Structures are given as structure tokens and as C-alpha cells.
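Written out below as C-alpha cells is the structure these notes cover.
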Amino acid sequence: MNRYSLNQATTKYWPLEDVVAASANAGLEWIGLWREPIQEYGVDKAAKLVADAGLKVSSLCRSGFFTSTDPAECNAKIDDNRRAIDEAATIGTSVLVLVSGGLPAGSRDLDGARGMVRDGLAELAPYAEERGVKLAVEALHPVFCSDRCVVSSLGGALDLAEQFPASQVGVIVDAYHLWWDADVYRQIERAGERILSYQVSDWVVPLPEDTLLGRGMMGDGSIELRRLREACDAAGYDGPIEVEIFNQQLWDAPGQEVFDLALARYKEHVI
């Protein structure tokens with residue numbers, strides 16, 4: 001249980017103070033944070049809140065979105081990514097989760113878009129390392145390739161990450177996005193020290209109209225969560241395991257109820 005971390009996206013409408021208090025009261029060590037709510041709360045204030053509760057931040061989500069053909073927009077995205085790195089350093093996490101971005105409007109050039117991600121990492125990686133932050137490339141399920149993330153497999157994420165030192169760039173192993181891939185276990189072994197987080201939820205069907213909100217509670221779907229965790233362990237990853245679930249029904253439920261259920265399901269299906 002010392003590895004468990006509730007990513008606050010799982011209880012989206014629950015105030016930050018309540019998520020932090022529940023985690024501390026449960027004797028947890030970690031919490032996962034998102035940029036928008038901590039910006040609204042105040043980054044320095046959020047850092048103090050978490051530290052005073054005796055918690056550590058497993059990751060900050062999210063930045064990236066490098067794919068644009070407009071030079072002004074590209075520069076603005078780099079500036080925002082630098083702010084995200086600074087925010088991660090302020091709240092005391094070494095892991096900044098990056099979602100690459102989808103195809104630029106009107107483009108079908110997938111290789112070109114992935115090149116933009118590489119260029120963005122090259123621009124940011126030294127800046128991040130100076131601040132004690134690693135850039136964590138997250139591959140999303142291929143259904144999101146066109147509009148959200150042109151990095152669609154763990155192998156593809158590693159192809160990008162391995163162009164940089166492991167001290168600068170790593171990868172996220174998100175069960176929801178990777179479970180389907182017949183090559184995933186070989187790629188987890190390949191990833192080794194570059195694994196910066198293992199994130200869990202479940203794949204449930206039928207998918208909702210908004211597929212982004214299709215994640216289910218652990219144990220409600222098809223994913224071998226424990227097997228994936230064991231593979232990450234065998235590859236050398238012994239860090240936090242984040243529960244990150246985007247699901248409207250869970251968001252609408254009382255925060256403490258979701259918190260308790262997630263903790264119970266984690267014990268049953270992950271550890």
C-alpha cells in the first residue's frame with residue numbers, strides 16, 4: 001500500500017483539500033495532481049497543503065501537446081510546457097506527464113507530427129533536468145491518435161524517449177492505453193529504468209460516446225492489472241502506482257465513496 005496514489009482526476013469534482021485529507025487519513029504516502037486544479041488553488045499553496053499532510057506528489061498531469069504547424073502557437077506551447085516544469089518542481093514531483101497532441105488541423109502527416117513531439121522534447125529536456133523534473137511520455141490508445149496523441153504504443157513512446165538520457169525523458173505505463181498491445185510486455189522489459197509511473201483503471205464496454213470518459217474502476221473490465229504491475233516490477237519499477245480514472249458516473253458520485261472503492265479495488269486487483 002505504500003505505492004498507492006490516487007490521481008485527483010479520479011475524483012474530479014472533489015476539492016483538493018478533501019482529496020489530500022482523505023489520502024493522509026488513509027495513511028497513504030502519495031497523491032497525483034493535475035495542473036488546472038492546482039493552478040486554480042494556487043501552486044505554492046497546493047505544495048504547502050500536500051507537504052503539511054505528509055504526502056508526496058507521484059506525478060503532475062499534464063503538459064505536451066506539441067503538434068502545431070503555426071510557429072507562434074508552437075512557441076506558446078513551449079512556454080506553457082516550461083511553466084508546467086516549474087509547477088512540477090514547485091509541488092515537489094520529479095514526473096511531468098506529457099501527452100503529445102494529435103495531428104495538426106488538416107494534416108495526415110503522422111511521421112511529421114511525431115517529429116514535432118521529438119523536437120518539443122529536445123527543447124524542454126535540458127530545462128527540465130536543471131529543475132529536477134523528468135518528462136514522462138505517455139502513449140494513448142490508438143483511438144486518440146488523430147485528435148489527442150500521435151504516440152500510440154509503448155514502443156513508440158520509447159522510440160522517442162531513448163533519443164534522450166534516461167535522466168531527462170521516460171515513459172508512462174498506463175494500463176488503459178496499453179493493455180491491448182501484444183508487444184506490451186516486451187516493451188515494458190525494454191523500458192526498464194525509463195518507467196516513471198504505472199497508472200491503472202479498467203477497460204469496460206460498451207464505450208461511452210465520449211471515449212475519453214470510458215475508463216472503468218479496477219475489476220470492472222478486461223485488463224490484467226496485476227500481470228502488468230508484475231511486469232513493471234520485474235523491469236525494475238518500484239515507484240508509485242496511480243489510480244487514474246476518467247468516468248462521469250464516478251465523478252458524479254461522492255468523493256469519499258469513490259476514494260474508498262478505488263482503494264479496495266486496488267488491493268483486490270493490482271497488488
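Source: prediction; values computed, not measured.
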>> In terms of relative ring orientation, are Tyr266 and Tyr4 parallel, tilted or perpendicular, with 30° and 60° separating the classes?
In response: perpendicular

>> With a 4.5 Å cut-off on side-chain heavy atoms, are Glu129 and Pro165 touching?
In response: no

> What is the minimum heavy-atom distance between Leu96 and Asn81, and which atoms define it?
Replying inline: CD2-O, 4.5 Å

> Roughly how far apart are Thr10 OG1 and Lys12 NZ, rounded to 0.5 Å?
Replying inline: 12.0 Å

>> Hydrogens and angles aside, do Trp34 and Asn7 bring a side-chain donor and acceptor to less than 3.5 Å of each other?
In response: yes

>> The test is salt bridge (Lys or Arg N to Asp or Glu O under 4.0 Å); show your working for Arg82 and Asp79 and say whether it passes.
In response: CA-CA 5 Å; Arg82 288 197 182 98; Asp79 288 344; 3.4 Å; yes

> Under 3.5 Å, is there a donor-acceptor pair between the side chain of His177 and the main chain of His141?
Replying inline: yes

>> So that I can tick it off, tell me whether Arg190 and Asp159 are bridged by a salt bridge, with the cut-off set at under 4.0 angstrom between side-chain N and carboxylate O.
In response: yes

>> Set out, in order, the CA-CA distance, both residues' side-chain angles and the distance that settles salt bridge (Lys or Arg N to Asp or Glu O under 4.0 Å) for Arg226 and Asp233, then state yes or no.
In response: CA-CA 10 Å; Arg226 183 172 289 111; Asp233 290 354; over 6 Å; no

>> A side-chain contact here means heavy atoms from C-beta on lying under 4.5 Å apart; do Pro37 and Leu16 qualify?
In response: no

>> Counting neighbours of CD on Gln249 that are heavy atoms of other residues, nucleotides or ligands and sit closer than 6.0 Å, is the number greater than 12?
In response: no

> Taking it one step at a time, do Arg83 and Asp80 satisfy salt bridge (Lys or Arg N to Asp or Glu O under 4.0 Å)?
Replying inline: CA-CA 5 Å; Arg83 284 191 292 273; Asp80 184 62; 3.4 Å; yes

>> Are more than 12 heavy atoms, taken from residues, nucleotides or ligands other than Glu130, located less than 6.0 Å from that residue's CD atom?
In response: yes

>> Would you compute the distance between atom CD of Glu162 and atom CZ of Arg194 and round it to the nearest 0.5 angstrom?
In response: 5.5 Å

>> Could you check whether Trp203 and Tyr176 have their ring centres less than 6.0 Å apart?
In response: yes

>> For Glu138, is there an ion pair with Arg62 - N to carboxylate O distance below 4.0 angstrom?
In response: no

> Is there a donor-acceptor contact under 3.5 Å linking the side chains of Glu242 and Ser59?
Replying inline: yes

>> Around atom CG of Asp238, are there more than 12 heavy atoms from other residues, nucleotides or ligands closer than 6.0 Å?
In response: no

> What orientation do Trp251 and Phe246 show, parallel under 30°, tilted 30 to 60°, or perpendicular over 60°?
Replying inline: tilted

>> Measuring from atom CD1 of Ile85 to atom CG of Leu135, what distance do you get when rounded to the nearest 0.5 angstrom?
In response: 5.5 Å

